[in-house]
Amino acid sequence: MDLDAFIVGLPKAELHIHIEGSLEPEMMFALARRNGVALPFASVEALRAAYSFTRLQDFLDLYYQGAEVLRTDEDFRDLALAYAARAAADGVVHAEVFFDPQTHTARGIPFSVVAEGLLAGLAAARERHGLTARLILCFLRHLSEEDAFAALRAAEPWLDRIAGVGLDSSEVGHPPEKFVRVFAAAGERGLRRVAHAGEEGPPDYVRQALDLLHIDRVDHGNRALEDPALVDRLAREAMTLTVCPLSNLRLCVVDAIADHPIGRMLKLGLRATVNSDDPAYFGGYVADNYRAVAPLLSREDLVTLARNSFLGSFLPAAEITRHVAAVEAFTEGERL
Ligand code: ADE
Ligand code: ZN
């Protein structure tokens, strides 16, 4: 089987995707028109040309601006369904999807519009594409913990349909310790916990996320590699890292894809996975991310990444077993 068919055919879960980061320029313009929102770009091409970043904040500024076209439950439904269709075409059979409610409630869009729209889109995706999905509510770390608590309170009626909470946005200067109480409150409500850590922030932020926020997964985690004791701990605890190669390239977390540490992570025994982060902004969905790092890896490594994506998911144990068996069945008869 050729490499591309192998990558697409491998059953995969996606564990690090911001739904607002899947807003393609074409849809951004269509929603701007539908909702009467003025965009500060003359065309789709001009917008795409602006997607040139030297660090996380450059991207975040455009990402929050782009999200302003999302107004109605139909917009959120369309966004979720478009992502799911694209992911399913890449062989994604399960997705755990981040959303940033504070980005929307701060503009006067009710939490109910965001949640109901996204849930409707994901339900339609299951019908049409057979892809299962869960939502993860991310707190914006550049805002206060009080603001995060307000988001958690607003989410209360939907918590049975939300798998967990996460922490995203500007990392440096906003350490995990800022959110200890709200993560504890989320844990008390039975929610799973994840956090972006070690994307631009130091290894100590990864430690804080583990020790103070009690996270189940590390989102990114690249800079943990600077700390051998931390690497040993992450490997020993079989902590899942949701790694995003094209994001790392476009946000200058790595200088070149050839320098990407994904192979090193696997060799160190880390439970790394490959994900798209913000595919509309970083030039690729999940299969593009696998393709980008494939020259650095063996086929066995690609299978490990796919297997890890299910092992690190929040699916019930029986579902994980079923998906891992499907990964093994797919690779049977292939010379790895
Ligand atoms: N929000 C969307 N994508 C993000 C990323 N890669 N890091 C932090 N916050 C984000
Ligand atoms: Zn992210």
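Both ligands and their constituent atoms are indexed starting at 1 by order of listing.
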At the 4.0 Å heavy-atom cut-off, does Phe59 count as touching ligand 1?
yes

Does even one non-hydrogen atom of Ser169 get within less than 4.0 Å of ligand 1?
yes

For Phe179 and Phe139, I'd like to know if the aromatic rings sit close, meaning centre-to-centre distance below 6.0 Å.
no

Trace of the side-chain hydrogen bond (donor to acceptor under 3.5 Å, both in side chains) decision for Asp61 with Gln65:
CA-CA 6 Å; Asp61 293 343; Gln65 183 178 75; over 6 Å; no

Ligand 1 atoms in contact with Leu60 (distance to a heavy atom under 4.0 Å)
1 (N), 9 (N), 10 (C)

Give a yes or no on whether a salt bridge exists between Arg48 and Glu26, defined as a side-chain N under 4.0 angstrom from a carboxylate O.
yes

Heavy atom of His220 under 4.0 Å from ligand 1?
yes

What number of protein N, O or S atoms occur at distances under 2.8 Å from the Zn ion (ligand 2)?
4

Could you walk me through whether Glu96 and Arg217 pass the salt bridge (charged side-chain N to carboxylate O under 4.0 Å, His left out) test, one step at a time?
CA-CA 12 Å; Glu96 298 184 358; Arg217 295 197 293 249; 2.8 Å; yes

The closest protein heavy-atom partner of atom 3 (N) of ligand 1 is Asp278 OD2, 2.7 Å

Under 4.0 Å from any heavy atom of Glu199, which atoms of ligand 1 are there?
5 (C), 6 (N), 7 (N), 8 (C)

Taking 4.0 Å as the limit for heavy-atom contacts, which would you say applies to Tyr63 with ligand 1: side chain only, backbone only, both, or neither?
side chain

Please find out if less than 6.0 Å separates the ring center of His196 from that of Phe98.
yes

I need the nearest protein heavy-atom contact for atom 1 (N) of ligand 1: residue, atom name and distance, please.
His18 CE1, 3.5 Å

Determine, using heavy atoms of Asp100 and all atoms of ligand 1, whether some pair is separated by less than 4.0 Å.
no

For atom 6 (N) of ligand 1, the protein heavy atom that lies nearest, with its residue and separation:
Asp277 OD2, 2.7 Å

Hey, can you tell me if Tyr281 and Tyr63 have their rings parallel, tilted or perpendicular (30° and 60° cut-offs)?
perpendicular

Do the side chains of Arg34 and Glu74 get nearer than 4.5 Å, heavy atoms only?
yes

Under a 4.5 Å cut-off applied to non-hydrogen side-chain atoms, are Val172 and Gln57 in contact?
no

I'd like to know whether the aromatic ring centres of Phe41 and Phe29 sit less than 6.0 Å apart in this structure.
no

Quick one, Phe99 and Leu79 - any side-chain contact, counting heavy atoms below 4.5 Å?
no

The test is salt bridge (charged side-chain N to carboxylate O under 4.0 Å, His left out); show your working for Arg250 and Asp277 and say whether it passes.
CA-CA 11 Å; Arg250 298 292 287 268; Asp277 204 4; over 6 Å; no

